[in-house]
Amino acid sequence: MSNFHLRGTGQEDHSLLNEDQVVVKKRLEHASRWRPRLTSCRCWTIAALLAAFWLTFFGLWLYFSYFRDAGGAAGSGAVGRNVKADLVVLPQDLADATGAYCLDGSPPSYYFRNASSEEHHNSWIIHLLGGAWCYNNSECARRSATDLGSSRMLSPKQLFGGILSANFTVNPDFYDWNVAVVNYCDGASFSGDREDPINYNNTKMYYRGSRVLDAVISYLLQSAGLQRADRVILSGASAGALAVYLHADRVSSMVPDDASFKAVADGGFFVPEADTSGGNRWENAMKDVYQMQQVEGSLDEDCLLAKGKNKWECFFAQYAYPYVTTPMFVINSAYDRLALKNILGVRCRPTECSKEELRVIGEHRRTFLQRTDQINRYNKDGMFLTSCYDHKQASSDYFWMTYKVAGRTTREAFADWYYERTTTAETRDVDCGSLTCNPTCRGNR
Ligand SMILES: *[C@@H]1O[C@H](CO)[C@@H](O)[C@H](O)[C@H]1NC(C)=O
Ligand SMILES: *[C@@H]1O[C@H](CO)[C@@H](O)[C@H](O)[C@H]1NC(C)=O
Ligand SMILES: *[C@@H]1O[C@H](CO)[C@@H](O)[C@H](O)[C@H]1NC(C)=O
Ligand SMILES: *[C@@H]1O[C@H](CO)[C@@H](O)[C@H](O)[C@H]1NC(C)=O
């Protein structure tokens with residue numbers, strides 16, 4: 001219970017560095033366990049020599065497995081370890097040509113790591129990062145001075161885990177693919193399409209997320225080899241996963257026709273529902289985003305047409321989903337931590353919830369399963385619906401490798417669906433029912 005933490009979304013991406021420290025600790029423990037035996041045979045010299053050898057070996061290991069990586073040996077082709085991706089900021093003139101700007105007017109950007117094998121030279125994962133939304137001009141102005149609203153302050157390299165990892169053990173199916181991780185800098189799930197800039201409190205801002213996405217895809221096509229792609233996976237987490245529901249078909253229409261194109265949306269199926277105070281705070285806030293950023297222009301035309309007066313509904317996963325023609329894999333928790341906290345307003349720790357809180361949470365799961373039931377109608381799609389009190393799970397090593405539903409990890413379930421190794425029925429995983437039922441979920445403890 002005491003090791004329960006609310007981990008920030010950014011931290012999860014650095015889980016591998018933390019695991020390195022665990023390995024270091026284990027090695028030190030291992031070394032100290034050996035010493036007594038050596039003492040008992042009184043071979044002090046041998047012990048000293050061994051210790052020296054150990055330290056040298058250990059130092060070299062540390063250097064090669066960590067510091068060199070941190071220093072940037074990207075693209076060196078090593079299979080065993082993860083490799084950082086390099087920041088690419090689009091040229092200013094390209095951004096100017098289409099008006100594709102982050103909130104603060106800086107150009108769009110992404111992190112790139114080259115494919116490490118000949119076989120997957122033309123295989124691509126394009127991942128859309130998340131980071132919630134800004135709901136009014138004031139919030140967006142604040143965001144525009146951060147990594148979530150600007151490309152000016154991003155670190156030149158970054159490590160990504162799970163489906164984006166270059167470590168074969170973590171990610172045996174995709175470790176050697178080209179990876180482009182698109183930075184989220186518009187505050188509206190890559191969906192704003194507002195012509196006029198906003199002037200707020202002496203800050204000039206742009207609501208142009210839709211153009212940001214288009215500009216990055218165009219740039220990848222023209223300058224990074226995406227036009228030769230034979231396989232493309234569009235992936236996204238959280239607000240980036242909502243963008244996958246909203247824009248997968250558009251991205252699909254941009255990549256080469258003969259490329260296989262599939263999508264995975266991880267933790268973006270947020271269900272609008274009443275919160276514990278009886279209001280619809282989140283739903284209303286998202287309607288504000290829809291208006292403020294003029295999202296309509298980037299949404300699916302068939303959906304907009306069908307919704308008539310309620311066009312804003314097409315900005316929510318549950319309404320946008322049936323219009324998506326791209327094959328989709330939906331990864332989502334029925335007890336998504338951020339949904340429970342920020343949409344429902346239930347903030348108890350899983351093992352400490354009151355009866356009433358558990359009732360509300362259970363009701364939420366039922367609603368969530370009703371809304372996601374439509375996925376069963378589409379043979380092209382698969383789903384992995386968990387009961388873990390956490391948020392997004394494909395780009396974190398732990399959830400990708402360890403968390404299981406019906407005996408399969410997230411990684412196995414996704415790869416089986418992706419490579420069509422299983423029947424349609426087998427690509428529809430729904431976890432056990434209660435908030436603490438799955439022992440492989442560490443967020444529930
Ligand atoms: C690759 O990932 C596995 C599983 O997390 C880890 O045990 C191993 O140390 C990693 N390999 C390298 C070279 O970092
Ligand atoms: C990626 O790999 C290809 C072929 O190995 C090479 O031509 C290209 O320059 C590499 N790109 C980067 C950015 O490293
Ligand atoms: C903007 O939204 C935040 C949170 O939703 C709220 O606290 C704040 O009062 C709003 N600001 C304005 C100027 O509406
Ligand atoms: C306006 O900007 C200033 C400084 O940039 C900031 O301290 C203040 O909170 C902002 N006001 C609003 C209403 O956003």
Side-chain angles (χ1 to χ4, degrees), residues 7-21 62-76 78 81-92 94-95 100-116 124-132 134 140 142-167 170-171 175 177-187 190 206 209 212-213 215-216 219-220 223-224 235-240 243 266 391-392 394-398 400:
R7 289 165 303 130
T9 47
Q11 254 171 302
E12 282 162 19
D13 293 330
H14 297 289
S15 55
L16 200 101
L17 294 181
N18 298 335
E19 281 161 24
D20 269 354
Q21 279 153 16
L62 203 67
Y63 174 77
F64 280 108
S65 67
Y66 180 69
F67 292 116
R68 255 192 54 148
D69 181 20
S76 70
R81 66 194 163 80
N82 203 353
V83 175
K84 289 190 174 188
D86 297 307
L87 178 66
V88 179
V89 179
L90 266 56
Q92 187 70 48
L94 244 154
Y101 299 128
C102 294
L103 288 173
D104 73 334
S106 59
S109 69
Y110 62 95
Y111 285 96
F112 179 67
R113 192 183 66 232
N114 224 356
S116 65
W124 285 76
I125 295 182
I126 301 171
H127 180 84
L128 308 181
L129 285 172
C134 51
C140 292
R142 232 179 309 136
R143 181 178 280 243
S144 73
T146 72
D147 283 355
L148 284 173
S150 171
S151 61
R152 293 190 215 279
M153 296 150 288
L154 293 162
S155 68
K157 286 173 181 296
Q158 202 169 316
L159 202 58
F160 298 98
I163 191 174
L164 305 173
S165 176
N167 179 334
V170 174
N171 191 24
Y175 74 99
W177 288 35
N178 294 289
V179 168
V181 178
V182 188
N183 289 307
Y184 176 40
C185 66
D186 59 277
F190 298 90
Y206 296 86
V212 165
L213 180 57
V216 170
Y219 189 74
L220 290 172
S223 313
S235 145
S238 194
D266 173 21
H391 177 60
K392 76 192 178 80
S395 48
S396 113
D397 286 357
Y398 173 80
W400 185 240

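S151 meets the side-chain hydrogen bond (donor to acceptor under 3.5 Å, both in side chains) test with S106; sequence neighbours excluded. Residues satisfying the side-chain contact (heavy atoms from CB on, under 4.5 Å) test with A100, not counting sequence neighbours, are T98, P108, R211, A215. Listed by chain and number, the residues in a salt bridge (Lys or Arg N to Asp or Glu O under 4.0 Å) with R152 are D104 (sequence neighbours excluded). For L213, the side-chain contact (heavy atoms from CB on, under 4.5 Å) test picks out L128, F190, I217, H247, R250, V251, with sequence neighbours left out. Contacts of V88 classified as side-chain contact (heavy atoms from CB on, under 4.5 Å), with partners at least two apart in sequence or in another chain: Y110, F112, Y219.
Judged purely by atom type and a 3.5 angstrom limit, W400 uses its side chain to pair as donor or acceptor with the backbone of V170. Between the N82 side chain and the A166 main chain, a donor and an acceptor come within less than 3.5 Å of each other. Side-chain N or O atoms of S155 include one that pairs as donor or acceptor with a backbone N or O of K157 at under 3.5 Å.
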### Message
Using the rule given for side-chain contact (heavy atoms from CB on, under 4.5 Å), can you reason through S109 versus L87, listing the C-alpha separation, both sets of side-chain angles and the distance that settles it, and then say yes or no?
### Response
CA-CA 7 Å; S109 69; L87 178 66; 4.0 Å; yes
Do N178 and N114 pass the side-chain contact (heavy atoms from CB on, under 4.5 Å) test, and can you show the C-alpha distance, the side-chain angles, and the key distance before you say yes or no? CA-CA 5 Å; N178 294 289; N114 224 356; 3.3 Å; yes
**Message:** Between C102 and N183, is the side-chain contact (heavy atoms from CB on, under 4.5 Å) condition met? List the steps.
**Reply:** CA-CA 10 Å; C102 294; N183 289 307; over 6 Å; no
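Expressed to the nearest 0.5 Å, how far CG of L103 lies from CZ of R142 amounts to 12.5 Å. The distance from the CZ atom of R143 to the OG atom of S150 is 12.5 Å, given to the nearest 0.5 Å. L148 contributes atom CG, which lies 7.5 Å from atom OH of Y184 (distance to the nearest 0.5 angstrom). One finds the CG atom of L90 at 8.0 Å from the OG atom of S223 (value rounded to the nearest 0.5 Å). Here CG of D147 is found 8.5 Å from CD of Q158. Values are rounded to the nearest 0.5 Å. Annotation: the span from Q92 atom CD to Y101 atom OH amounts to 6.0 Å, rounded to 0.5 Å.
The nearest pair of heavy atoms linking K392 to S238 is CD-CB, 4.4 Å. The two atoms that bring F160 and A85 nearest to each other are CE1-CB, 4.1 Å, heavy atoms only. Between H127 and A237, the shortest heavy-atom contact is CE1-N, 3.9 Å.
Of the residues V83, N171, L159, the one that meets the side chain to side chain contact (heavy atoms under 4.5 Å, CB included) test with S165 is N171.
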